[in-house]
Amino acid sequence: MSNLTMEKLVNLCKQYGFIFQGSEIYGGLANTWDYGPLGTRLKNNIKDAWRKRFIQERKNSFETDTTILMHSRVWEASGHVDSFNDPKFDCKNCKTRYRADNFIEEYSLNHDSAQNMAFDEMTEYIKNNSMKCPKCGSSNFTDVREFKLMFETYRGTTEDNKTVIYLRPENAQGEYVNYLNVLRSSRTKLPFSIGQIGTVFRNEVTPGDFIFRTIEFEQMEYQTFCKPGDDVELYKYFKEYGKKFYLDLGLSNDKLRFKDHEKLSFYASAACDIEYLFPFGWGELNGTHDRTDYDLKRHQEFSGQNMEYIDSNTNEKFIPYVVESTYGVGRTVLACLFEAYHEETLEDGTIREVMRLHPYLAPYKVAIFPLIKKNHSDKANELFDILSKHFMVTYDESSSIGKRYRRQDVIGTPYCITIDDNTLNNNTVTIRDRDTMKQEVLDIEDIVDYINEKIAF
RNA sequence: GCAGAUGUGGUUUAAUGGUAGAACAUAACCUUGCCAAGGUUAGAACGGGAGUUCGAUUCUCCUCAUCUGCUCCA
């Protein structure tokens with residue numbers, strides 16, 4: 001049973017230290033969220049899980065960590081400088097927003113091209129041709145304005161020495177510009193993959209949905225370079241591999257679906273999302289794109305560097321195709337939180353809130369309780385020192401034992417260990433499983449192996 | 001970015017143009033021997049700014065944030 005609304009989740013995350021509003025003491029900055037102690041653990045565990053599946057367990061798979069700030073030519077080559085800002089205007093009457101270039105091409109009498117028009121020329125054109133809002137018939141429009149989706153900053157310390165530099169809107173270009181470096185240094189062959197986890201920035205006008213859409217966010221990206229033709233099978237493979245990854249994280253099959261793109265971007269020959277059913281509707285977690293040789297070809301053109309691969313068996317030369325699969329980190333965190341939350345009514349009628357996170361994702365693997373603070377806290381602290389060398393452990397000696405169990409249930413801790421007189425006399429502890437509510441007696445020596453086996457991913 | 005609604009301790013809330021009250025949560029001490037027990041005590045709030053007023057959490061304006069619906073998301 002779960003009836004977790006977004007509002008309730010936001011409060012829960014704040015209360016227990018998963019996620020806080022960004023810049024909260026100054027009134028908040030819209031669409032930014034800070035990860036607290038528990039949220040940071042959860043997020044890092046998700047990233048580690050991804051790393052394990054995509055880098056560690058796959059041959060010819062390499063991780064990079066490239067810079068947020070890149071040469072401006074990168075974004076010209078990628079097409080972002082030309083395509084990642086839109087000319088838009090609003091109908092003041094019915095508040096509909098249009099893309100000016102599309103509007104002119106679609107609704108003008110001659111279907112003129114707006115390709116080469118400046119913004120004020122588009123404004124003039126719309127006015128001079130008495131174009132009307134297709135929705136309400138009004139001609140009361142705002143001027144055409146530019147909506148830049150890339151954040152800009154400046155390089156250079158003096159006013160007259162400044163050059164524009166962009167904050168990356170995707171990680172992918174970092175892998176593409178290092179394709180030759182990785183290929184050479186790793187002595188690898190096609191097909192091979194470069195993965196990367198990194199922060200990207202998009203200056204979008206957005207409604208929030210909590211951490212679902214933010215202006216700064218992390219992506220886990222996976223680029224597979226292959227021989228042209230092999231991209232078709234790889235594309236299919238990575239769609240399924242991505243879904244498998246989400247099932248492994250504990251998301252339920254009936255809340256996951258594929259959504260093929262009908263309209264393809266200029267760089268892609270195929271595109272498909274994996275969506276999760278959030279309380280606010282289906283939302284994208286992953287996008288897999290067949291980017292063909294678009295990016296490497298463009299970088300070859302713009303940089304002058306030869307991006308061709310030589311197949312040593314056939315001596316063929318070609319620019320590799322790229323299949324990209326991108327996973328949103330924050331969105332995955334959000335999906336895992338929604339999926340994990342349960343409310344259970346106990347025999348005495350009280351409600352127990354349980355965060356049934358996969359043990360690998362749980363912020364703490366084990367909580368240690370001295371049954372009686374006075375008698376058992378020394379031994380409990382000793383155990384903390386032993387176990388904390390192996391995994392994240394938390395310690396709680398305040399309030400009643402029942403209350404301590406409940407606190408761990410809400411934050412997803414899979415195992416609780418209680419130290420009592422038996423521990424002092426026989427070296428055994430009571431370990432309680434969050435999901436089954438069953439208690440077992442365990443020798444202290446066996447705890448590490450017991451837990452490690454349970455939390456494996 | 002547009003329209004509407006909302007903003008009181010961590011959370012849920014009460015009242016008020018004149019000292020802002022509670023419950024839960026939190027912390028300390030006592031008690032307690034395995035699932036939110038009890039007692040005592042403590043800390044903690046009117047989103048921010050300006051205006052009207054002798055005095056504003058309350059009225060007005062601006063702003064910030066959140067929610068709902070649009071819009072946007074190569």
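Every chain is numbered from 1, with letters handed out A, B, ... down the list of sequences.
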Out of [options], whichever nucleotide has its closest atom nearest the side chain of [X]:
X         : options                   : answer
Arg407(A) : rA27(B), rG33(B), rG10(B) : rA27(B)
Ser400(A) : rA37(B), rA36(B), rU12(B) : rA37(B)
Lys403(A) : rA36(B), rC29(B), rG33(B) : rA36(B)
Met437(A) : rU68(B), rA74(B), rC35(B) : rC35(B)
Gln15(A)  : rC73(B), rU12(B), rA25(B) : rA25(B)
Ser398(A) : rA28(B), rG33(B), rA36(B) : rA28(B)
Ile372(A) : rG33(B), rA74(B), rA36(B) : rG33(B)

>> Counting distance alone, no hydrogens or angles: does the base of rC34(B) have a donor or acceptor under 3.5 Å from a partner atom on the side chain of Tyr405(A)?
In response: yes

> Glu344(A) pairs by salt bridge (Lys or Arg N to Asp or Glu O under 4.0 Å) with which of Arg352(A), Arg434(A), Arg406(A)?
Replying inline: Arg352(A)

[N] [atom2] sits how many Å from [X] [atom1], rounded?
X         : N       : atom1 : atom2 : result
Glu397(A) : rU32(B) : CD    : C1'   : 15 Å
Glu7(A)   : rC67(B) : CD    : C1'   : 8 Å
His261(A) : rC73(B) : NE2   : P     : 13 Å
Phe280(A) : rU66(B) : CZ    : C1'   : 16 Å
Arg404(A) : rA27(B) : CZ    : C1'   : 15 Å
Ile411(A) : rA36(B) : CD1   : C1'   : 15 Å
Arg213(A) : rU71(B) : CZ    : P     : 13 Å
Leu12(A)  : rU12(B) : CG    : P     : 12 Å

Regarding [X], tell me which of base, sugar-phosphate or nothing describes its non-hydrogen contacts under 4.0 Å with the strands shown.
X         : value
Arg432(A) : base
Asp409(A) : nothing
Gln439(A) : base
Glu170(A) : base
His376(A) : base

Please determine whether a side-chain nitrogen or oxygen atom of [X] lies at a distance below 4.0 Å from atom OP1 or OP2 of [N].
X         : N       : value
Asn11(A)  : rG10(B) : no
Arg202(A) : rA74(B) : no
Lys373(A) : rC29(B) : yes

Provide the distance between the two [atom1] atoms, one in [N] and one in [M], to the nearest whole Å.
N       : M       : atom1 : answer
rA22(B) : rA44(B) : P     : 14 Å
rU8(B)  : rG48(B) : P     : 11 Å
rC54(B) : rA65(B) : P     : 35 Å
rG49(B) : rA74(B) : P     : 40 Å
rG21(B) : rA3(B)  : P     : 39 Å
rU11(B) : rC30(B) : C1'   : 28 Å
rA42(B) : rA5(B)  : P     : 43 Å
rG47(B) : rA14(B) : P     : 14 Å

> With a distance cut-off below 6.0 Å to the six-membered ring centre and an angular limit of 45° from the axis, does Lys43(A) pair with Tyr35(A) as a cation-pi contact?
Replying inline: yes

>> Which is more 5' along RNA chain B, the nucleotide nearest Ala30(A) or the one nearest Ile419(A)? Just name the residue.
In response: Ile419(A)

> On RNA chain B, nearest-nucleotide positions of Ser399(A) versus Asp420(A): which is more 5'?
Replying inline: Ser399(A)

>> If I compare all heavy atoms of Ile165(A) with all of Ser72(A), which pair ends up nearest, and what's the gap?
In response: CA-OG, 4.3 Å

> How close do Leu29(A) and Gln21(A) get, heavy atom to heavy atom, and via which atoms?
Replying inline: O-NE2, 3.5 Å

Does the structure show a Watson-Crick or G-U wobble partner for [N], both distances under 3.5 Å? Name it, or say none.
N       : value
rA37(B) : none
rC54(B) : rG18(B)
rU68(B) : rA3(B)
rU11(B) : rA23(B)

> Would Lys243(A) and Glu240(A) count as a salt bridge (charged side-chain N to carboxylate O under 4.0 Å, His left out) if you check the C-alpha gap in whole Å, the side-chain angles of each, and the deciding distance to 0.1 Å?
Replying inline: CA-CA 5 Å; Lys243(A) 188 175 176 193; Glu240(A) 294 297 335; 6.0 Å; no

>> Measuring centre to centre across the rings, with the benzene-like ring taken for any Trp, is Tyr327(A) within less than 6.0 Å of Phe54(A)?
In response: yes

>> Under the criterion salt bridge (charged side-chain N to carboxylate O under 4.0 Å, His left out), I'd like the reasoning laid out for Arg168(A) against Glu221(A): C-alpha separation, chi angles, the key distance, then a yes or no.
In response: CA-CA 14 Å; Arg168(A) 65 178 173 202; Glu221(A) 287 198 351; over 6 Å; no

> Relative to the ring of Tyr360(A), is the ring of His358(A) parallel (under 30°), tilted (30 to 60°) or perpendicular (over 60°)?
Replying inline: perpendicular

